[in-house]
Amino acid sequence: MVKASGILVLIATCLVAFAESATVTGSIGINGILPDVKLLRPTTRVSLNGDAYTALVKENGQFEITGVDTGSYILEVQAIDYVFPKLRLDIDKEQGITRASYTSYGASFESRGYTVEQPLELRAKGPAKYFVERKGFNVLAMFKNPMFLMIGFSALMMFALPKLMANMDPEALKEMSQSQADAQKMVSDMPSLSDMFNNARNQQQQQRRR
């Protein structure tokens with residue numbers, strides 16, 4: 001009798017706790033991305049605040065999460081092949097879902113999007129992508145690379161410059177050669193950076209001695 005009464009008390013306590021909690025129900029809708037709910041894997045489930053409350057999605061797309069306490073929750077559909085929008089739910093034990101609105105990844109918990117009508121119906125936003133597709137070879141992209149342009153211009157000048165110089169007037173070629181020689185002489189006559197620093201340091205030391 002004592003064991004039986006203890007079991008009855010436990011059952012009554014569970015029933016009271018279940019009666020004082022809310023139930024979240026909804027469904028997975030179809031669209032162009034997910035044309036048939038049967039394409040979802042059997043492991044697809046709906047969760048509140050991570051793993052606080054979870055429920056598997058049935059074959060007909062329906063889901064039901066029981067025993068939810070009063071509070072605010074983030075509802076997510078955990079599917080391997082598809083991405084679904086996230087919802088923020090405000091739940092009351094007696095009234096059930098008092099408000100449902102869209103939210104997004106990275107948004108603060110207080111931020112709210114558009115209100116969602118009830119009963120809840122979630123539709124896939126797109127296929128889940130876990131890898132970044134490698135882009136193929138693009139010839140046009142090479143011409144947008146500055147290094148490729150510099151190398152191409154240098155190669156073009158290396159082949160075109162001798163032909164241009166061969167067709168130039170002898171006097172113009174002589175003037176260009178003289179200009180190059182003057183430029184090289186000017187560069188060679190310029191002191192190096194180390195000499196400039198040494199001279200500046202020697203001048204400072206001489207001024208300090210005075």
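For the ring pair (Phe, Tyr, Trp, His ring centres under 6.0 Å) condition, no pair includes a residue of residues 74-93, sequence neighbours left out.
The two atoms that bring Arg88 and Ile74 nearest to each other are CB-CD1, 4.0 Å, heavy atoms only. Annotation for Asn31 and Ala124: closest pair ND2-O, 2.9 Å, computed over non-hydrogen atoms. Tyr53 and Thr66 make their closest contact through CD2-O, 4.2 Å (heavy atoms, listed as atom of the first residue, atom of the second, distance). In terms of heavy atoms, Thr98 sits closest to Gln95 at CG2-OE1, 3.5 Å. Residues Lys125 and Ile33 approach most closely at O-CD1, 3.0 Å, considering heavy atoms. Nearest heavy-atom pair, Ser21 versus Gly67, reported as atom, atom and distance to 0.1 Å: OG-CA, 3.2 Å.
Clustering ILVMFWY residues whenever any of their side-chain heavy atoms sit less than 4.5 angstrom apart, transitively, puts Tyr102 in a cluster other than the one holding Val83. Transitive grouping of hydrophobic side chains (ILVMFWY, heavy atoms separated by less than 4.5 Å) brings Tyr114 and Val116 into a common cluster.
By the side-chain hydrogen bond (donor to acceptor under 3.5 Å, both in side chains) test, Ser27 is found to be paired with no residue, residues two or more places apart in sequence or in another chain being considered.
Side-chain contact of Ser72 with Asp90: a donor-acceptor pair under 3.5 Å is present, judged by distance alone.
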side-chain contact (heavy atoms from CB on, under 4.5 Å) assessment of Leu120 paired with Leu89: CA-CA 10 Å; Leu120 301 177; Leu89 306 180; 4.2 Å; yes
From CA spacing to verdict: side-chain contact (heavy atoms from CB on, under 4.5 Å), Val37, Glu59: CA-CA 7 Å; Val37 180; Glu59 292 183 358; over 6 Å; no
Derivation and outcome, side-chain contact (heavy atoms from CB on, under 4.5 Å), residues Asp81 and Leu39: CA-CA 9 Å; Asp81 303 315; Leu39 295 175; over 6 Å; no
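Here Tyr130 sits in one hydrophobic cluster together with Ile80, Phe131; the rule is ILVMFWY side chains under 4.5 Å apart, joined directly or through other members.
Atoms CG and CD, on Leu56 and Gln78 in that order, are 10.0 Å from each other to the nearest 0.5 Å. From Asp69, atom CG reaches atom CG of Leu48 across 11.0 Å, with rounding to the nearest 0.5 Å. Rounded to the nearest 0.5 angstrom, Arg99 CZ and Leu87 CG are separated by 12.5 Å. Taking CD1 of Ile28 as the reference point, atom CG of Asp36 lies at 13.0 Å (rounded to 0.5 Å). Taking CD1 from Ile91 and OG1 from Thr23, the interatomic distance works out to 9.5 Å, rounded to the nearest 0.5 Å. Expressed to the nearest 0.5 Å, how far CD1 of Ile30 lies from NZ of Lys38 amounts to 12.0 Å.
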